[in-house]
Amino acid sequence: MPPKGRIVVNDLYCKGCELCVAACPQEVMGLDMSRITTKGYHPATLIKEGCTGCGVCAVVCPEAAITVYREVVRPRVAAAA
Amino acid sequence: MARELWKGNIAIAEAAVRAGLEAYFGYPITPQTELLEYLSMRMPELGRVFVQAESELGAINMVYGAACTGVRVMTSSSSPGISLMMEGLSYIAGTEVPVVLVDVMRGGPGLGNIAPAQGDYNQIVHGGGHGDYRPIVLAPSNIQEAIDLTMLAFDLAEAYRAIAVVLLDGSLGQMMEPAEMPPLRPLKSTYPDWAVRGAIGRERRVLSSIYLDPPLEEEANLRILRRWQQVEANEVRYKGYYLEDARFVVVGFGTAGRVALSAVRAARAEGIRVGLLRPITVSPFPSRVLRELADQVEGFLVVEMNTGQMLEDVLRAVEGRAPVEFFARLGGVMPLPEEVLDEIKRMASTPLSVDGHPRERWLQRMLQPA
Amino acid sequence: MTLADMETLVYARPASLTEMPTHYCPGCTHGVAHRLIAEVIDEMNLRERTIGVASVGCSVFAYNYFDFDWVQAPHGRAPAMATGIKRVLPDRLVITYQGDGDMASIGMGEVVHAAARGENITVFFINNANYGMTGGQMAPTTLPGQKTTTSPHGRDVETQGYPVRAAELISTLEGASYVVRRSLHDPKNIRLAKKAIRLALETQVRGLGFSMVELLSICPTNWGMTPVQSLKWLEEHMIPYFPLGDYKVHPAVAEIKV
């Protein structure tokens, strides 16, 4: 099973340029058309399940607006310890 | 310390070293090149910075960068090279970092020649660079003064976060005279609170001449102007000779003042009561003393090695209260004491008027030789 | 069990960037270049020892976005200012950040001689094939046939000359130790660009002389394209004229392992 990840897009920085949308290998990103940032942009967001936390969106982001997290997958025994 | 023979350019270079010069950046141009050559040997032997730049543009911007670190920095050049530095000088003035500049003037405009002249007065004193700023300008007339004023230039530049210029002509740069060199001062070990040296354990700093918001630019201009008012209040320097009983006062800076002094002494020997006012700071200009003298004397004679650039500042100071006459030689031709003496004699024997412009009268005399 | 135990942080905004949002247009890769430089300075733990020299052009406000000391140079003169700073403070990291108009046109004299002297500074050169800040005029890097506001019918090489390949030109100088060209048009190339930035700064830290990283960059607003279209245009038009690669790697630099 692929790892599970999530991103946090900071509205202060995101300008809705869509470079992350185009670069996302899982094709799970898009612009959030229901929101407008204070600068007047639709910010980038995850639009469906499937983020692996690979970080490619952050690599191409010109505004350093994206924080990326990935779920830690550990054996049950280790997690319980 | 003993008096030794020093050549002008080298005396200034060594004086700068003794004032604590930490970094020098320059480019060859006659008649100041010995200054650069001397420092290419002297600075490295003291472990200090010397760089021969690719151009005057490079040199002044290296100076700009080094000045931002808060150390004592200097460059030197001559008229055409100074013209090239004007961009950097404006940025330096706008960033309010202290810099010392030596201008050993030569004949111009354009490539001109390498003979002594004073044609840089306007571009230095009244600013060749864009925007509102005023450099402190010190004009020595002998080698000892060149040494002392170079030391002073560093102190004034730092005190007022300004550009301090040592302004002399090629003859002073090239001449040798006995002079006393002050002892070597230690380099500074603390730096001003604006210096950019890496944000180690403190908030970051930015040094720039950019104020995109007009009210902030206005504030910066006012700050620079207020600092200039302090300079005007505290730093006017001049030397008066035989002024107590003078009917006439000759005004000249640097070499022109030196030549004029010989003429004044000769006139005194002939019984003409004439004195000399030699501005040492041509910026700030000694306007107040000229205004005071204007109420006491029968006339002024301004002597320059340009077409009357300082003359305009004298006229502004005198405000028509006394007649002003003008004499100049141009293009690298030195005025002779005898020529200045003739002018003094002419003034003593002919009625003088405050009407007309002294430059016009001088031009007519020049074009119709007796 | 806390959240920290369940998740690992893959990427966060580098500490060497300030909190200020940039003035760059959406999609402009100036921001990518800024981010990469900040990431590398963080990784090398050099934030407090770095002094930046900003230039004139879109990157004029670079000093607002990095959390270290900056000065701001006249147009094209950043390498001269950097020389002045570095000579006085040789143990600081001194970088310039310049666009193509600034470095490859008005400032060509300064950068060439800084490189020739082997000045121990690092130049980041952003090549986006036009003057961005003034609204898209022809730059020394504008491609033959490329339309700009001052080459409205496309750059005519007969009257307007040919683009300057800065990395190749600088690489001929003995004093230059590390001169490369990278591109910011896709994740792979961005990663390669970051590695080059690291090597350039390592070159300086080790006192090995002049280093320059040319970064092919997009200017969607002035090119009249979307950011995504611009990436494609860069790849298809700029890279053939400005080939990516290592133009000068001094043997001592080649040995650096990062």
Side-chain angles (χ1 to χ4, degrees), chain B residues 22-25 27 43 47-73 75 84-92 94-95 97 99 129-130 187 191 194-212, chain C residues 15-18 20 23 41 46-56 60-96 106-119 121:
Chain B
E22 269 187 70
Y24 173 91
F25 307 90
Y27 185 78
M43 294 295 277
R48 303 184 191 179
V49 175
F50 171 91
V51 179
Q52 178 171 329
E54 64 276 13
S55 68
E56 286 88 351
L57 288 176
I60 195 65
N61 285 291
M62 290 174 192
V63 161
Y64 185 14
C68 288
T69 70
V71 300
R72 293 194 153 186
V73 295
T75 186
L84 266 174
M85 291 183 178
M86 283 301 165
E87 175 200 52
L89 289 171
S90 173
Y91 278 74
I92 287 164
T95 310
V97 289
V99 158
H130 58 284
L187 295 182
Y191 303 95
W194 48 258
V196 160
R197 302 175 63 85
I200 300 172
R202 60 157 170 79
E203 291 284 294
R204 77 200 193 96
R205 293 175 186 158
V206 174
L207 281 175
S208 168
S209 63
I210 192 170
Y211 297 94
L212 210 60
Chain C
S16 287
L17 288 182
T18 64
M20 186 183 279
H23 70 289
I41 286 173
L46 288 171
R47 188 188 67 82
E48 292 191 332
R49 307 191 74 78
T50 301
I51 300 171
V53 184
S55 60
V56 172
V60 66
F61 300 119
Y63 57 77
N64 281 326
Y65 309 133
F66 293 93
D67 192 19
F68 43 80
D69 276 9
W70 279 83
V71 299
Q72 210 285 303
H75 203 17
R77 320 288 175 230
M81 262 190 110
T83 297
I85 295 167
K86 185 72 181 186
R87 292 291 182 119
V88 173
L89 300 171
D91 67 342
R92 300 300 196 272
L93 187 78
V94 180
I95 63 170
T96 76
I106 194 168
M108 192 54 111
E110 283 74 16
V111 74
V112 163
H113 285 278
R117 285 190 303 269
E119 217 54 74
I121 60 171

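Chain naming here is simple, since letters A, B, ... match the order of the sequence lines and numbering starts at 1 in each. Everything quoted here is computed from the prediction, not taken from an experiment. Basis for what follows: all heavy atoms, side chains included, without hydrogens, waters or symmetry-related copies.
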Task: N/O donor-acceptor pair under 3.5 Å between C:Asp69 side chain and B:Arg205 backbone - done: yes
Open item on the list: Taking the side chain as everything from C-beta on, heavy atoms only, tell me whether C:Arg77 gets closer than 4.5 Å to B:Glu87.
Closed with: yes
- [ ] Please round to the nearest 0.5 Å and tell me the distance separating atom CD of C:Gln72 and atom OG1 of B:Thr95.
- [x] 8.0 Å
Open item on the list: Can you give me the closest heavy-atom contact between B:Arg204 and C:Asp67, atom names plus distance?
Closed with: CD-OD1, 3.1 Å
Open item on the list: Can you tell me which portion of B:Ile60 sits under 4.5 Å from chain C's heavy atoms? Options are side chain, backbone, both or neither.
Closed with: neither
TODO: Please state whether the side chain, the backbone, both or neither of C:Tyr63 comes within less than 4.5 Å of a heavy atom of chain B.
DONE: both
Open item on the list: In the structure I gave you, are the side-chain heavy atoms of B:Ile210 and C:Phe61 within less than 4.5 Å of one another anywhere?
Closed with: yes
Task: Most contacts with chain B, counted as non-hydrogen pairs under 4.5 angstrom, among C:Gly52, C:Ala80, C:Ala78 - done: C:Ala80
Task: Under 4.5 Å from any heavy atom of chain B - which part of C:Ile85 - done: both
Task: C:Val60 portion near chain B, given a 4.5 angstrom heavy-atom threshold - done: side chain
Open item on the list: What part of C:Arg92 gets within 4.5 angstrom of chain B, counting heavy atoms only: side chain, backbone, both, or neither?
Closed with: side chain
Open item on the list: Under 4.5 Å from any heavy atom of chain C, what part of B:Tyr24 do you find: side chain, backbone, both or neither?
Closed with: neither
Open item on the list: Measuring only between side-chain heavy atoms, which start at C-beta, is C:Val112 closer than 4.5 Å to B:Glu54?
Closed with: no
Task: Nearest atoms (heavy-atom pairs only) where C:Val88 meets B:Thr69 - done: CG1-OG1, 3.4 Å
TODO: Check each atom of B:Tyr91 against the heavy atoms of chain C and say whether the ones under 4.5 Å are side chain, backbone, both or neither.
DONE: side chain
Open item on the list: Give me the atom names and distance for the closest heavy-atom approach of B:Val196 to C:Trp70.
Closed with: CG2-O, 3.8 Å
Open item on the list: Can you tell me if B:Tyr27 has over 12 outside heavy atoms packed within less than 6.0 Å of its OH?
Closed with: no
Open item on the list: Please identify, among C:Gly84, C:Gly76, C:Ala114, the residue contributing the most non-hydrogen atom pairs under 4.5 Å to chain B.
Closed with: C:Gly84
- [ ] Return the minimal non-hydrogen interatomic distance between B:Arg197 and C:Leu89, and the atom names on each side.
- [x] NH2-CD2, 3.3 Å
TODO: Please round to the nearest 0.5 Å and tell me the distance separating atom CD of B:Glu22 and atom CZ of C:Arg87.
DONE: 15.0 Å
TODO: Mind checking the CG-NE2 spacing from B:Leu212 to C:His23? Nearest 0.5 Å is all I need.
DONE: 9.5 Å
Task: Region of B:Val206 that comes under 4.5 Å of a non-hydrogen atom in chain C - done: both
- [ ] Could you tell me which of C:Ile51, C:Thr50, C:Thr18 has the largest number of non-hydrogen atom pairs under 4.5 Å with chain B?
- [x] C:Ile51
Task: Contacting region of B:Val63 [heavy-atom separation from chain C under 4.5 Å] - done: neither
- [ ] Can you see which heavy atom on C:Met81 is nearest to which on B:Cys68, and at what distance?
- [x] CE-SG, 3.9 Å
